[in-house]
Engineer: 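Here it is: the structure, laid out below.
Quick note: numbers below take in every heavy atom, side chains included, and nothing from hydrogens, waters or symmetry partners.
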Amino acid sequence: MTTPVDVVQICQDLIRIDTSNYGDEPGPGERVAAEYVAAFLTDLGLDPVIRESAPGRASVTCLWEGSDPDRDALVVHGHLDVVPAFAEDWSVDPFAAEIRDGMIYGRGAVDMKNMDAMILASVASMIHAGAKPSRDIVLAFFADEEHGGAYGAKWMVANHPEDFRGATEAISEVGGFSAYVNGRRAYLIQTAEKGIQWLKLISHGKQGHGSLVHRDNAVAHLAGALSRIGAHEWPVELTPTAERLLQGVAELLEIEYEPTPECIGRLVAGLGAMAPMIEASVRNTSNPTMLEAGYKTNVIPDTAVGYVDSRYLHGQQEQALRQIEELAGTHVKVEPYITERSLEVPFEGALVDKMIAALGAEDPGAPVLPYSLMGGTDNKHLAALGITGYGFAPLQLPPDLDFPSLFHGIDERIPVDSLHFGTRVLERFLRDC
């Protein structure tokens, strides 16, 4: 297959549109990116729709008719927003999309304008070739994924469910990428996601002069709570997806699988560069991220506020919250302010078979395994409509690339060759999905 549209150029175009999401309402750049995508799809003869949840908070949906309209539709989706990047921290301009040593650098290169570009390039390739997907495809490009989706996919599902009518399955980011185990390349399809529970911690104490003895200090109460939460060692607990992954890794390492901490640690380490992602998927996590307190060094404030990014395993939302409340202590109130479901879907069925076949056509003999994402995607919101979502943004990565650290990281980058590989795989999949 020859892709007539340059996926690299599309990816660069999208990176150069600053869609940084600070969690505020304006959402700078999201409307511009949505207009770029809509114009691209319109030029292909499709009829996209831009919908705004608030001024500038724009998402795009588009029905691409397949050869068998009687089949249930598939949603192929990405998000257009990115987390902020600060130029002084980077070795390159984070929004210039510069190519160095075969890599495209820029905010969103990994999360997830690479997949947005691969979707557009594969659709263009098929349309230029006069080909149709095997069933109706709902193309969707959402705003606000990086702050919970309230202005993006969550809003779309609540206000325009008709855009997804007839759809029962979906694919999106963070799956289908390669990992190396015992010198052998394998691919990981995302079949589960941890739940999101972002927490606001509020501490109260007695306000007063910084020179006095203060045993009821809001900042001290909060600091202690955040220290305990951040240092807590969550136990390993395997979901069905995690266990199936580790069983597959054991086969590749040619060792016997045992559900013991020692064996699990060895198997996770055996995933090399992907080990940090998998380590976070076999336990609950809780990481302090922000602090707000005081207005002057010599004034003890009566209130201090902190934030914790907590991710819980499937079915453990309440259990994880109770543990964090206990760690916070009696002086600190814990308030969830963004909570999203966890997901666990089967690693079987026709759609999974098609994903495996598409990868196998480009990389024959490479094993394919399921895994659980430590973070979250907009598949959480589509699940409210009964849509079963998978992570399938195929990438063949160099064995020495620290892929997990590039998500939201400094000098985020993606290999050019990986984009070409992913576009070929995605096109094969869409032709026979």
Side-chain angles (χ1 to χ4, degrees), residues 20-28 54 57 81-90 94 107 144-151 154 194-235 276 280 283-313 316-340 374-376 405 407-410:
S20 297
N21 186 346
Y22 293 88
D24 57 1
E25 294 188 12
R57 310 310 303 266
D81 65 320
V82 298
V83 297
F86 303 99
E88 60 270 22
D89 298 330
W90 288 52
R107 179 58 86 220
D144 197 37
E145 191 273 347
E146 296 292 2
H147 198 67
Y151 292 97
K154 191 171 188 176
K194 293 173 74 176
I196 297 173
Q197 198 155 229
W198 289 357
L199 306 172
K200 183 177 182 179
L201 276 64
I202 306 168
S203 172
H204 296 290
K206 184 178 180 180
Q207 183 171 330
H209 200 287
S211 66
L212 298 175
V213 175
H214 278 270
R215 294 181 176 86
D216 186 17
N217 186 318
V219 175
H221 296 325
L222 178 65
L226 293 178
S227 179
R228 291 188 295 272
I229 291 167
H232 182 66
E233 291 286 341
W234 294 90
R283 52 170 53 82
N284 297 312
T285 58
S286 54
N287 288 302
T289 56
M290 294 191 298
L291 292 167
E292 299 171 358
Y295 59 89
K296 200 171 186 295
T297 304
N298 64 346
V299 177
I300 295 175
D302 60 0
T303 303
V305 178
Y307 296 86
V308 171
D309 183 343
S310 174
R311 309 291 174 121
Y312 62 89
L313 296 171
Q316 294 199 21
Q317 179 182 351
E318 287 301 315
Q319 177 181 331
L321 180 58
R322 297 289 87 80
Q323 178 64 73
I324 291 172
E325 288 175 335
E326 181 179 330
L327 292 167
T330 57
H331 292 285
V332 178
K333 183 179 181 181
V334 179
E335 293 183 351
Y337 74 98
I338 290 182
T339 302
E340 298 296 346
M374 74 293 184
S405 72
F407 286 84
H408 300 186
I410 294 171

Engineer: Has D144 got a side-chain atom pairing as donor or acceptor with A150's backbone, closer than 3.5 angstrom?
Structural biologist: yes

Engineer: Hey, are the side chains of T303 and I202 touching, using non-hydrogen atoms and a 4.5 Å cut-off?
Structural biologist: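 A side-chain contact under 4.5 Å exists here.
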
Engineer: Roughly how far, to the nearest 0.5 Å, is the OG1 atom of T285 from the CD1 atom of I229?
Structural biologist: 12.0 Å

Engineer: Less than 4.5 Å apart, side chain to side chain, heavy atoms only: is that true for H209 and V299?
Structural biologist: no

Engineer: Measure the OG1-CD distance between T330 and E325 for me, rounded to the nearest 0.5 Å.
Structural biologist: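 Nearest 0.5 Å value for the OG1-CD distance: 12.5 Å.
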
Engineer: Please find the pair of heavy atoms, one from A85 and one from S20, that lie closest to each other, and give the distance.
Structural biologist: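 For A85 versus S20, the nearest heavy atoms are N-OG, 4.4 Å.
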
Engineer: Is any side-chain heavy atom of L201 closer than 4.5 Å to a side-chain heavy atom of V305?
Structural biologist: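 Answer no - side chains too far apart.
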
Engineer: Work out which heavy atom in A218 is nearest to a heavy atom in S203; give both atom names and the distance.
Structural biologist: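 Heavy atoms of A218 and S203 come nearest at O-OG, 2.9 Å.
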
Engineer: So how far is it from Y337 OH to L199 CG, rounded to the nearest 0.5 Å?
Structural biologist: 8.5 Å

Engineer: Looking at W198 and S310, what are the two nearest heavy atoms and their distance?
Structural biologist: CD1-N, 4.3 Å

Engineer: Report yes if the side chains of V82 and N21 come closer than 4.5 Å at any heavy-atom pair, otherwise no.
Structural biologist: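 A side-chain contact under 4.5 Å is absent here.
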
Engineer: Taking all heavy atoms of W90 and all of F86, pick out the closest pair and write down the distance.
Structural biologist: CD1-O, 3.3 Å

Engineer: Show, in sequence, the C-alpha distance, side-chain angles and deciding distance for Q316 and N284, and conclude whether the side-chain contact (heavy atoms from CB on, under 4.5 Å) test is met.
Structural biologist: CA-CA 8 Å; Q316 294 199 21; N284 297 312; 2.9 Å; yes

Engineer: Is a donor on one side and an acceptor on the other found under 3.5 Å between the side chain of K194 and the backbone of A280?
Structural biologist: yes

Engineer: Could you check whether S286 and W234, counting side-chain N and O atoms only, form a donor-acceptor pair closer than 3.5 Å?
Structural biologist: yes

Engineer: Quick check: do M374 and R311 have side-chain heavy atoms less than 4.5 Å from each other?
Structural biologist: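 No, every pair of side-chain atoms sits at 4.5 Å or beyond.
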
Engineer: Taking atom CD as the centre, does E233 end up with more than 12 heavy-atom neighbours from other residues, nucleotides or ligands that are less than 6.0 angstrom away?
Structural biologist: no

Engineer: Would you give the length of the straight line joining atom CZ of R283 to atom CG of L313, rounded to the nearest 0.5 angstrom?
Structural biologist: 9.5 Å

Engineer: Hey, are the side chains of Y312 and E318 touching, using non-hydrogen atoms and a 4.5 Å cut-off?
Structural biologist: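 Of all side-chain heavy-atom pairs linking E318 with Y312, none is under 4.5 Å.
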
Engineer: Would you compute the distance between atom CG of D309 and atom CG of N287 and round it to the nearest 0.5 angstrom?
Structural biologist: 6.5 Å

Engineer: R107 side chain to G409 main-chain N or O, any donor-acceptor pair under 3.5 Å?
Structural biologist: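 Checked: pair present.
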
Engineer: I want to check something: taking the side chain as every heavy atom from C-beta on, are L226 and V308 in contact at a cut-off of under 4.5 Å?
Structural biologist: yes

Engineer: Of all the heavy-atom pairs spanning A225 and A328, show the shortest one and how long it is.
Structural biologist: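 Nearest heavy atoms, A225 then A328: CB-O, 3.4 Å.
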
Engineer: Measure the shortest side-chain to side-chain distance between H204 and D302 over non-hydrogen atoms and say whether it is less than 4.5 angstrom.
Structural biologist: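 The answer is no; the side chains never approach within 4.5 Å.
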
Engineer: Walk me through whether K154 and E340 qualify under side-chain contact (heavy atoms from CB on, under 4.5 Å).
Structural biologist: CA-CA 10 Å; K154 191 171 188 176; E340 298 296 346; 3.0 Å; yes

Engineer: Taking atom types as modelled, is there a side-chain donor on D81 or H147 under 3.5 Å from an acceptor on the other?
Structural biologist: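 No, no side-chain donor-acceptor pair sits under 3.5 Å.
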
Engineer: On a heavy-atom basis, which atom in H221 and which in V332 lie closest, and how many Å separate them?
Structural biologist: O-CG2, 3.8 Å

Engineer: In Å and rounded to the nearest 0.5 Å, what is the CD1 to NE2 distance from I324 to H232?
Structural biologist: 8.5 Å

